[in-house]
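Heads up: the structure comes next, in structure tokens.
Keep in mind the model is a prediction, meaning the values are calculated, not measured. Per chain, numbering begins at 1; letters A, B, ... match sequence-line order.
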Protein chains: 2
Amino acid sequence: MDKRRITLKDIARELGISVSTASRALNSYSGISEETIKLVKDYAEKHNYVPNSIAVNFRRNRTMTLGMIVPEVVHPFFSSIISGAIAAANQHGYRILLGQTDEKLPNEKLACRSMLSGSVDGLLISVSNETKDFEHLQEFIDEGKPVIQFDKFLENFHTPKVITDDYESAYEAVNHLIKQGYRRIAHINGLLEVKNSMDRLKGYKKALEDAGLEFREEWVPHCKNISEEEGYQFAQELLNLPQPPDAFFCITDLVALGVMNYLKSQGIQVPKQIGVMGFSNWKIAEVMSPGLSTVEQHGHQMGMKAVNLLVQLLKDQSLGSNETYKIDSDLIIRESTLN
Amino acid sequence: MDKRRITLKDIARELGISVSTASRALNSYSGISEETIKLVKDYAEKHNYVPNSIAVNFRRNRTMTLGMIVPEVVHPFFSSIISGAIAAANQHGYRILLGQTDEKLPNEKLACRSMLSGSVDGLLISVSNETKDFEHLQEFIDEGKPVIQFDKFLENFHTPKVITDDYESAYEAVNHLIKQGYRRIAHINGLLEVKNSMDRLKGYKKALEDAGLEFREEWVPHCKNISEEEGYQFAQELLNLPQPPDAFFCITDLVALGVMNYLKSQGIQVPKQIGVMGFSNWKIAEVMSPGLSTVEQHGHQMGMKAVNLLVQLLKDQSLGSNETYKIDSDLIIRESTLN
DNA sequence: TTGAAAGCGATACCAA
DNA sequence: TTGGTATCGCTTTCAA
């Protein structure tokens, strides 16, 4: 094995010119005779010369690679973000180095460490649930490498952010429930320390408030894992309350699935007796019966936007400011809320 | 911007030692005094020294990065493979550079080109539907970079392969349908040029044959896009045949969903009147009602296996042989086939 | 046990 | 228009 590609040096030697001339000819610098250029290019073509990109990157101190870190690849929303990111990156001649944290801070630190110092030109990250501070992210900034946060972010880490408008989306979702006549709306939320959960909670509260509906702490349980099981569990607990809710706004479609399953197990009619609303518009939302109303977050678009921002920063040699870009979401109405 | 990290040279200068000693100390070479090692390591730690990985890679002529190319990231099976690959890669200190082809050969060539010549130490690829020859893949081999094919592969491109045993899995699936009493079993297949489709078709045929059941060409339509719409369409066509089938073995859960939807639209009872079997065990299979029987392919395991193989080849400085590693699949029985 | 220096492959500056 | 050479940061051989 290990047949090696030819190098500039080989070309120079064979053609009886200097390495620098060969380099300039290949890059068509002005100040090189047409003749030489043709000579070198023909030779390179014929011998299938491909510049060693590590050497080029080393010299130029850049990699044409963007780091991307997500909590979970196996998650329809994140995989669509990744897909959009790859597409946009390729358009600009960049590539994506992908890391995964499983929502664990130590994994996130490891992934960052592995991408630091020369592996990537910039970072796209959606932080884990455990991430509270950002020393490990600040290191990129300290190296002059721009960072873009997307979806799950740290508010006090000042970088450009590309997010779903969780507040607004939650507001719309709950508002829809209200318009459908539900009055005792529960919200199965996530961990309060996670910004997105907090924002959805705020949107939920505001919608209730604007409609003059009651807010009850006991109607807002918090999932640790955003799992189907928790949805099932919380649905059960809430419906056994003296004052049970008549609708569930769930932090995620998966949680909504758990809720639906509990309701089904109890023979409770959706949407007639209880309304259910999810978030994210996974394929399962469409497949559940009744179909689950939810919020489409346009992950592909989010991935593209994040990459485009990062590439622009790289072009401008800038680290960016603390702007927030919101990707429009869409309320998807299916049967689960059509009271 | 562009504060730069400290380099070995800085450490050496500050500590009054040579660069080579500093390098050796950090890598704990034998033949370096404990004292020096401690001195250097402490200094490095304190000043947050991180080696410039481009320089290291350049010097060592390796990148500690594995290229991975898949048809589609937004696909539960592939995203679980990716997830497994990242996990295994990290265990060995490698990283994953991810490319996506959208089932298009030109995209695949682009992705390969971008990974060639220094970006990766080896390649993991699941080829696109359009891929028939392998010049673009051979280039990796020619550079001494091992290639592993997984899931979708080219039989005549001789590399290690990690796959689902499509033949066996299909056989088991169809056999289950037969045992449940279905007798006129249709198979909604994929493109025949794709090896996986062909193998599933063979497994299907063999199961029919072993049971002494009739094989009818008209009961085996071929999807171009493996889409829900095609499932719907073909279900309709097949059920309007003079001799309609009484069960559908579908190339994918998504296709099965289309079939289910058509059956539902016609008020046809599953599994009582018609049995339906999918392939891949997506979350939707569990959520459909009735629940869809299917085949679990263990993507995570497949991703880990592919990476482990590649890492081993890299360690052995080998390009590997033409072995095939089959990842066990499991038949998942739900209601859709319980006649 | 340590230092000096070559060299990985490409680029770019200074001379000629 | 071209050549010579330093350089990027690190590893590794050869000498001391």
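- Checked by atom type and distance alone, the side chain of A:Gln149 never pairs as donor or acceptor with a backbone atom of A:Ser126 at under 3.5 Å.
- Nearest-nucleotide mapping onto DNA chain C: of A:Asn27 and B:Glu35, the residue sitting toward the 5' end is B:Glu35.
- Residues B:Leu124 and B:Phe150 meet the side-chain proximity criterion, which asks for heavy atoms closer than 4.5 Å.
- Atom CD1 in B:Ile54 sits about 19 Å away from atom P in C:dC8, given to the nearest Å.
- Judged by centroid separation below 5.5 Å and plane tilt below 30°, A:Phe58 stacks onto the base of D:dC8.
- Protein atom CE of B:Met64 is 17 Å distant from nucleotide atom P of D:dC10, rounded to whole Å.
- Positionally, the nearest nucleotide of DNA chain D for A:Gly31 lies more toward the 5' end than for the other of A:Gly31 and B:Tyr49.
- Between the side chains of B:Asp121 and B:Thr63, a donor-acceptor pair is found at a separation under 3.5 Å.
- Atom CG of B:Asn52 is separated from atom P of D:dT7 by 17 Å (rounded to the nearest Å).
- Dashed line: the shortest gap from a side-chain N or O of A:Lys9 to OP1 or OP2 of C:dG7 is not under 4.0 Å.
- Whole-Å rounding puts the B:Asn61 CG to D:dT12 P distance at 12 Å.
- In terms of polar N and O atoms assigned as donor or acceptor, the side chain of A:Arg59 comes within less than 3.5 Å of the base of D:dT7 in a complementary pairing.
- Near DNA chain D, meaning a heavy atom under 4.0 Å from it, residues 16-26 of chain B has B:Val19, B:Ser20, B:Ser23, B:Arg24 in order of number.
- Between A:Tyr29 and D:dT1 there is no side-chain polar atom (N or O) within less than 4.0 angstrom of OP1 or OP2.
- Closest-nucleotide positions on DNA chain D for B:Ala55 and A:Ser33 were compared, and the one nearer the 5' end corresponds to A:Ser33.
- The CZ atom of B:Arg62 sits 15 Å away from the P atom of C:dG9 (whole-angstrom rounding).
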Starting from the C-alpha separation in whole Å, work towards a yes-or-no answer on side chain to side chain donor-acceptor pair (under 3.5 Å) for B:Thr131 and B:Ser128.
CA-CA 5 Å; B:Thr131 308; B:Ser128 83; 2.8 Å; yes
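- Atom CD1 in A:Ile37 sits roughly 9 Å away from atom P in D:dT1 (whole-Å rounding).
- Salt bridge annotation for B:Glu103-B:Lys152: present, with a cationic side-chain nitrogen under 4.0 angstrom from a carboxylate oxygen.
- For the pair B:Leu8 CG and D:dC10 P, the interatomic distance rounds to 4 Å; values are reported in whole Å.
- A:Lys305 forms a cation-pi arrangement with A:Tyr325, by the criterion of a distance under 6.0 Å to the ring centre and an angle within 45° of the ring axis.
- For the pair B:Glu139 and B:Lys145, the salt-bridge criterion is not met [side-chain N within less than 4.0 Å of a carboxylate O].
- Out of D:dT2, C:dG9, C:dT1, the shortest distance to the side chain of B:Thr36 is found at C:dT1.
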